[in-house]
Amino acid sequence: KVQDDAHTHARAANAILKAPDGDLREASEHAKRAIGLDPKDIEHHVTLVEIYLKAGLTTSARRACEAATQLDPKHAGLQALMKRAGK
């Protein structure tokens, strides 16, 4: 089932994020679904942070960064995103 596949949701979230006129709310829903299905995959969390930053939701981005940091505090991409989120 496609709706129950974390990888498919993650790919959809990334595709929408990279689209010039992508619906960031839809992208965040896909990223959150991917996290719900596979919470230990740090890349799903990173995608959600990127979506929040692009949408200008820095408070949400900081919260998502904090959650992701619990999984992998030394993740290089996450460190850069935390700086962008003002953490």
Side-chain angles (χ1 to χ4, degrees):
K1 271 180 141 182
V2 170
Q3 71 231 28
D4 291 332
D5 180 55
H7 182 70
T8 302
H9 282 288
R11 288 186 59 195
N14 274 299
I16 296 166
L17 173 64
K18 289 173 176 50
D21 59 348
D23 180 343
L24 296 177
R25 179 169 284 134
E26 182 182 354
S28 72
E29 292 303 317
H30 280 292
K32 287 187 249 184
R33 186 79 177 119
I35 290 167
L37 291 165
D38 188 4
K40 293 190 186 314
D41 189 325
I42 188 80
E43 296 307 320
H44 301 335
H45 293 270
V46 169
T47 298
L48 184 59
V49 174
E50 290 173 335
I51 292 165
Y52 285 151
L53 287 173
K54 187 171 180 181
L57 302 170
T58 53
T59 302
S60 294
R62 280 195 294 271
R63 275 198 304 269
C65 271
E66 289 165 7
T69 301
Q70 301 293 317
L71 291 174
D72 184 359
K74 293 185 168 79
H75 187 278
L78 190 58
Q79 298 301 318
L81 290 171
M82 286 175 72
K83 285 183 182 149
R84 283 180 47 205
K87 185 99 178 100

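Bear in mind that the values here come from a model prediction, so they are computed numbers and not experimental data.
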Distance, nearest 0.5 Å, that separates NZ of K40 from CD1 of I35: 13.5 Å

Can you see which heavy atom on R62 is nearest to which on A85, and at what distance? NH1-O, 2.9 Å

Looking at L48, L37, I51, T47, which hits side chain to side chain contact (heavy atoms under 4.5 Å, CB included) with K32? L48

Are the side chain of D38 and the backbone N or O of A34 linked by a donor-acceptor pair below 3.5 Å? no

Between I42 and L78, is there a side-chain heavy-atom distance shorter than 4.5 Å? yes

Check the hydrophobic clustering (I, L, V, M, F, W, Y; side-chain heavy atoms under 4.5 Å; chains of links allowed) and say if V46 and V49 are grouped together. yes

I want to check something: taking the side chain as every heavy atom from C-beta on, are E26 and E29 in contact at a cut-off of under 4.5 Å? no

Check whether the side chains of H7 and E43 place a donor and an acceptor atom closer than 3.5 Å, and report yes or no. no

Could you give the distance from CZ (R25) to CD1 (I16), rounded to the nearest 0.5 Å? 13.0 Å

Where do M82 and C65 come nearest, in terms of heavy atoms and distance? CG-SG, 3.4 Å

Spatial distance of atom CG (L71) from atom NE2 (H45) [nearest 0.5 Å]: 4.5 Å

Assess whether salt bridge (charged side-chain N to carboxylate O under 4.0 Å, His left out) is satisfied between D4 and R33, documenting all intermediate values. CA-CA 8 Å; D4 291 332; R33 186 79 177 119; 3.0 Å; yes

